Amino acid sequence: MNEKLIATPTRTASIMKQYDLTMKKSLGQNFLVEAKILYKMIDAAEIDGETTVIEIGPGIGALTEVLAIHSKQVIAFEIDQRFIQILDDTLATYDNVEIIHEDILKVNFQSERYQHLFNATRLVVVANLPYYITTPIIMHLLNSRLPFERLTMMMQKEVAERMTAEVGSKQYSSLTVAIQNHMESRIAMTIPKTVFIPRPNVDSAVLNLTRRKLPLVEVESQEDFEILVQTLFKQRRKTLWNNLRSARDNWLEKFTEDELQAALEKSEIDGKRRGESLSIYEFAKLYIALVN
Ligand code: SAM
C-alpha cells in the first residue's frame, strides 16, 4: 500500500521528474517522504470519518492524500500555482478534497465561501507548515474565529518549544502567552531531517494545540492584552518597570509614570521583576489594574 502513496521517496521523485519540478526554498518547500510520520499525525489530530480538515500547503499532496483517506473532507490552501494542476492529477481518485489556490494569510474565513466550516461536526487544522511563516499562520488561524478543536502542525522544533515553554524558561515569550491562553500545547513527536526532500537545515516537531473550553484569562481587549505582554518582553533583560515606562508607540503610552506605578502596586507585582517570570495570570492582573 505504501508503495502507492505519494509520501515515498520513489513516488515523490517520479512526480518531481514528471513535472520538472524544483523546490522553492523561499516558500518553505520541504516534502515529507515517510508515510509512518503522516499516520502519526492522523493519530495526533484524532481524525475520523466525521472530521473536516483544513490543510495549509499541500505541495504535491503527500499529507493531503492520507488526510483524504481518513477524514470526511479536506480543504487545502496552496500558494504555489505550479502545484494546483499536479494536485488535480495526484489526488484525482479522492472526491473529498478541495484545493484552493490562495495565500493562507490572505484567506478571509468570515466570507460566504467558508461559512460551512463553522457548522462542521468536527474541525481540525493539520499541516506540514512552511516554516518561514509559522507564527503568522497560527495567529491568523486563532484570529479567524474558526471553531477548530485542534491544530496539529509540523514546524521547526525551536518554535514548538517556545509554544510549549514553562514560565521562567529561556523559551518563554509573548508568543507562549498568546498561544497558551486559548490552547493547550503539547509536542506530539520530534521529526528527523531525513524524512524530507530536500532536507531542511533545522530539526522539526509536530505540535498539538487543543482548544481550551475557556481561555485561562478573560480580558476586555485581547489585542491590548497581547500588546502589554509584548511590551513587557520587549527587552528581555530589562525590568518590567523599564519596559513599561519606555512603551511609547502603543496604547500604554497614555499612562503617566505614577499611573503605571499604581497599577504595579495594585496588582502586587514587583516592577524589578522581568517579563519572563510572570505567569499568564499575573500579566492579566496587571492588565486589569491598568484598564480599571
Ligand atoms: N504538505 C506537503 C508535505 O508535507 O510534503 C508540503 C509541505 S511544505 C513544508 C510547505 C508548503 O506550503 C509548500 O507546498 C508551499 O508551497 C506552501 N506554502 C508556502 N507559503 C504558503 C502560504 N502563504 N499559503 C499557502 N501555502 C503556502
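First listed ligand is number 1; within each ligand, the first listed atom is number 1. Computed over heavy atoms, backbone and side chain alike; hydrogens, waters and symmetry mates excluded. Predicted model only: the values in this text are computed from it and were never measured.
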Minimum-distance protein heavy atom relative to atom 5 (O) of ligand 1: Leu32 N, 2.9 Å

Val125, Met163: one ILVMFWY side-chain cluster at the under-4.5 Å cut-off? yes

For the atom pair NZ (Lys234) and CG (Asn243), what is the distance rounded to the nearest 0.5 Å? 8.5 Å

Closest non-hydrogen atoms of Gln171 and Arg162, given as atom of the first, atom of the second and distance, are O-CG, 3.5 Å

Nearest neighbour in protein (non-hydrogen) for atom 14 (O) of ligand 1: Glu78 OE1, 2.8 Å

Compare Leu87, Asn128, Val33 and give the one whose heavy atom is closest to atom 7 (C) of ligand 1. Asn128

Heavy atoms only: which of Gly57, Pro136, Gly59, Ala76 is nearest to atom 1 (N) of ligand 1? Gly57

Under 4.0 Å, heavy atoms only, figure out whether ligand 1 is touched by the backbone of Met154, its side chain, both or neither. neither

Atoms of ligand 1, numbered as shown, that sit under 4.0 Å from any heavy atom of Leu129: 9 (C)

Give a yes or no on whether Leu129 and Val159 share a hydrophobic cluster (residues Ile, Leu, Val, Met, Phe, Trp, Tyr; joining criterion: side-chain heavy atoms under 4.5 Å apart). yes

Using the rule that two of Ile, Leu, Val, Met, Phe, Trp, Tyr join whenever any of their side-chain heavy atoms come within less than 4.5 Å, decide whether Val217 and Met139 are in one cluster. no

Filtering Gly28, Ala7, Ala127 for the heavy atom nearest atom 8 (S) of ligand 1 leaves Gly28

If you scan protein heavy atoms around atom 24 (N) of ligand 1, the nearest is Ile104 N, 3.0 Å

Between Gln235 and Asn242, does any side-chain donor sit less than 3.5 Å from a side-chain acceptor? no

Identity and separation of the nearest protein heavy atom to atom 20 (N) of ligand 1: Tyr132 OH, 3.0 Å

Sidechain-backbone polar pair: Tyr172 side chain, Leu278 backbone, donor-acceptor under 3.5 Å: yes

Looking only at distances, can you tell me whether any N or O atom of Asp80, backbone or side chain, sits closer than 3.5 Å to an N or O atom of ligand 1? no

Nearest non-hydrogen contact to atom 22 (C) of ligand 1 from the set Ile79, Val126, Leu63 belongs to Ile79

